[in-house]
Amino acid sequence: MIDKKKLYSTAEKQETAILVAVSTQKQPIEKTKEYLEELAFLATTLGVETVKTFTQNLERPDIRTYTGKGKLEEIVTFITANPVDMVIYDDDLTTSQVRNLEETFSEIKVIDRSLLILAIFAMRAQTAQSKLQVELAQYQYMYPRLTRLWTHLSRQSGAGVGMRGPGETELETDRRIVKDRIAFLKEKLEKVDKQSVTRRKERDRLVRVVIVGYTNVGKSTLMRGLAKADVFAENKLFATVDSTVRKVNMENIPFLLTDTVGFIRKLPTMLIESFKSTLDEVREADILLHVVDISHPSFEEHLDVVNKTLEEIGAANKPIILVFNKIDIYNPSFNADDEEEEDVPVKETTLEQLKRSYIADKADHVVFISAENKENIDELKNTLFSMVKEKHFSIYPNWLDLGYTAVQTEE
Ligand SMILES: Nc1nc2c(ncn2[C@@H]2O[C@H](COP(=O)(O)OP(=O)(O)OP(=O)(O)O)[C@@H](O)[C@H]2O)c(=O)[nH]1
Ligand SMILES: [Mg+2]
């Protein structure tokens, strides 16, 4: 398999990139700038340093070279004077765009948004299942795009796609090899998926609570707080790619709490397809804890992205608690609508103010917390517990007769 870790290795020297995005009528320049910040964060996660960003206002991206000719020349001039390792585009590129850009930039790598996200997933995958899921998604991404870049990369990695028979045309051979590999991975993944379905079935039929949300909002930090689980949390995107499940007891009622992969704007569709089994955890949830990073200037857009992704995977319309996290660093001046509050320092935005704000009306169950500082966790626990209890007694109406007593345990 093409080893993205090797590709973006930071061992010798930090790789550098320039980022490119186009602003359209639908995507004003402020949005574009913010998306570029996210793209730079994605690059950082892979150890790639952004040295410059380029944006251009266009009706729509150019079908041949994404940006227009003038901007392309500007980019070429820049990279001639300041050599970089790659050019990263904030949208997905078509095969012909990749081809044209590769020709223009010659030795410099051309990377698009999906490729970047796939590389991060490849770096983060821990279990055999998620490794297979990512590899499948990578090959599915690669198949329609088999271009010079890929043949070049595959030769470097020296495995998988690189093994071609002599005398055949490279691209055709690559296509066949990739196709075979996809079929092989699908079959292997199906077996692993079956095992995880069995594993899920074997778990007690306990109430299942799944933590969902945009990437880097604090899902794993919350999981640690609620389940005392030793899960990995980091200020990087997609720290979590595999799911972690823990059994939690609240007042003698057990339930399962799952931390899982985060979502992002334009999550590559092949990742959603390949991660079907991981996302089944979300689909099979009884209750969702949707965590939102309220300190992020675009938290409302993130909320929409997550809701849309939940719809896409068939997990909408579940009982949900909307958990606004990171209230300790929330700065309301980010909200353009709240101009009067522009100068209110962070500390003065009290929990009470948040509860009275329009944000509190965003769902039936809304809780404001700081997972890191353990602020207002009790309110979250109470809300969650009453929902878990209701569901639990609908599954086990005779729970109390089974010898379990619902005593109030001390915190
Ligand atoms: N200030 C502040 N930071 C927080 C809070 N909760 C989490 N963080 C930080 O936010 C970053 C991301 O936290 P994670 O728990 O890894 O987030 P996640 O949603 O699991 O992220 P992914 O697995 O990458 O999708 C870490 O640096 C945390 O320390 C909070 O309440 N306040
Ligand atoms: Mg996480």
Side-chain angles (χ1 to χ4, degrees), residues 37-47 116-127 130 133-134 209-246 257-268 271-272 275 278-279 281-282 288-299 301-303 305-306 309-310 313 321-332 334 345-347 349-351 354 359 366-381:
E37 269 172 40
E38 184 175 270
L39 196 67
F41 199 0
L42 284 165
T44 308
T45 300
L46 274 177
L116 194 63
I117 295 176
L118 286 167
I120 295 174
F121 270 67
M123 182 175 83
R124 296 295 197 191
Q126 301 268 332
T127 61
S130 65
Q133 288 170 330
V134 178
V209 181
V210 177
I211 306 177
V212 293
Y214 208 77
T215 180
N216 207 44
V217 295
K219 298 180 296 297
S220 299
T221 309
L222 179 63
M223 172 85 178
R224 269 207 298 233
L226 290 177
K228 300 187 183 75
D230 187 18
V231 289
F232 181 60
E234 195 186 19
N235 191 23
K236 291 251 172 95
L237 300 182
F238 299 110
T240 312
V241 166
D242 293 286
S243 303
T244 309
V245 189
R246 288 288 179 276
L257 185 66
T258 303
D259 175 27
T260 190
V261 58
F263 299 153
I264 196 165
R265 185 177 74 90
K266 294 192 196 159
L267 195 61
L271 264 179
I272 296 187
F275 272 67
T278 301
L279 294 171
E281 299 266 7
V282 182
L288 296 178
L289 283 181
H290 177 170
V291 183
V292 183
D293 174 359
I294 197 174
S295 75
H296 196 288
S298 303
F299 76 87
E301 192 186 340
H302 292 177
L303 203 153
V305 168
V306 173
T309 314
L310 288 174
I313 64 169
I321 305 176
L322 208 46
V323 183
F324 287 99
N325 187 33
K326 307 198 190 179
I327 57 168
D328 55 308
I329 50 166
Y330 174 55
N331 183 350
F334 277 136
V346 182
K347 277 189 254 67
T349 319
T350 63
L351 194 56
L354 281 169
I359 306 170
V366 173
V367 186
F368 299 94
I369 63 160
S370 165
E372 190 122 301
N373 295 356
K374 306 233 176 325
E375 244 178 283
N376 208 29
I377 298 293
D378 283 345
E379 186 184 331
L380 174 60
K381 280 187 180 167

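Not measured: the values here are computed from a predicted model. Whatever order the structure lists them in is the order used to number ligands and atoms, beginning at 1. These numbers come from the heavy atoms of this one structure, side chains and all, not from hydrogens, waters or symmetry mates.
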Pairwise distance CZ(Phe41) to CD(Glu38) - rounded to 0.5 angstrom: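 Spacing of CZ (Phe41) from CD (Glu38) equals 9.5 Å.
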With rounding to the nearest 0.5 Å, note down the distance linking CG in Leu289 to CG in Leu222.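 Atom-to-atom, Leu289:CG and Leu222:CG are 6.5 Å apart.
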Just by distance, do the side chain of [X] and the backbone of [Y] share a donor-acceptor pair under 3.5 Å?
| X | Y | result |
| --- | --- | --- |
| Asn325 | Ala371 | yes |
| Ser370 | Asn373 | yes |
| Ser130 | Asp242 | no |
| Lys219 | Tyr214 | yes |

[atom]: nearest protein contact (heavy atom, Å):
| atom | result |
| --- | --- |
| atom 10 (O) of ligand 1 | Lys326 NZ, 3.1 Å |
| atom 17 (O) of ligand 1 | Gly218 N, 3.0 Å |
| atom 24 (O) of ligand 1 | Ala239 N, 2.6 Å |
| atom 7 (C) of ligand 1 | Thr221 OG1, 3.4 Å |
| atom 12 (C) of ligand 1 | Asn216 OD1, 3.0 Å |

Per-atom contacts of ligand 1 with [X], taking only distances under 4.0 Å to non-hydrogen atoms:
| X | value |
| --- | --- |
| Glu234 | 11 (C), 12 (C), 16 (O), 26 (C), 27 (O) |
| Phe238 | 24 (O) |
| Ser370 | 30 (C), 31 (O), 32 (N) |
| Asn235 | 26 (C), 27 (O) |
| Ser220 | 15 (O), 18 (P), 20 (O) |
| Ala233 | 14 (P), 15 (O), 16 (O) |
| Thr215 | 22 (P), 24 (O), 25 (O) |

Which bit of [X] gets closer than 4.0 Å to ligand 1, counting heavy atoms only: side chain, backbone, both or neither?
| X | answer |
| --- | --- |
| Lys236 | backbone |
| Asp328 | side chain |
| Leu237 | backbone |

From Ser220, does some N, O or S atom reach closer than 2.8 Å to the Mg ion (ligand 2)?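 So Ser220 counts as coordinating the Mg ion (ligand 2), yes.
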Is it true that some N/O/S atom of Thr240, main chain or side chain, lies under 2.8 Å from the Mg ion (ligand 2)?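 Within the cut-off used here (under 2.8 Å), Thr240 does place an N, O or S atom near the Mg ion (ligand 2).
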Is there any N or O on [X] that sits under 3.5 Å from an N or O of ligand 1?
| X | value |
| --- | --- |
| Ile369 | no |
| Ile329 | no |
| Thr240 | yes |

[X] to [Y] - nearest heavy-atom pair and separation:
| X | Y | value |
| --- | --- | --- |
| Gly213 | His290 | CA-CD2, 4.2 Å |
| Asn376 | Ile369 | O-CG2, 3.5 Å |
| Leu116 | Leu39 | CD2-CD1, 3.8 Å |

Taking the side chain as every heavy atom from C-beta outward, state whether Thr309 and Ile272 have any atom pair closer than 4.5 Å.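 Yes, at least one pair of side-chain atoms sits under 4.5 Å.
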Side chains of Lys236 and Met123: does their closest heavy-atom pair fall under 4.5 Å?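 A side-chain contact under 4.5 Å is absent here.
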Ligand 1 contacted by Gly213 (non-hydrogen, < 4.0 Å):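 The answer is no: ligand 1 sits nowhere under 4.0 Å from a heavy atom of Gly213.
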Test: Glu234 and Arg124 ion pair at under 4.0 Å: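 Yes, charged N to carboxylate O under 4.0 Å.
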Check step by step if side-chain contact (heavy atoms from CB on, under 4.5 Å) holds for Leu271 and Phe121. CA-CA 9 Å; Leu271 264 179; Phe121 270 67; 3.8 Å; yes
May I ask which of Lys219, Lys374, Glu372 has a heavy atom nearer to atom 30 (C) of ligand 1 than the others do?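 Shortest heavy-atom distance from atom 30 (C) of ligand 1: Glu372.
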Selection from Asp242, Asn373, Asn325 by shortest heavy-atom distance to atom 6 (N) of ligand 1: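 Result: the heavy atom closest to atom 6 (N) of ligand 1 is in Asn325.
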Any chance the rings of Phe324 and Tyr330 have centres within less than 6.0 Å?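 Phe324 vs Tyr330: aromatic centres not under 6.0 Å.
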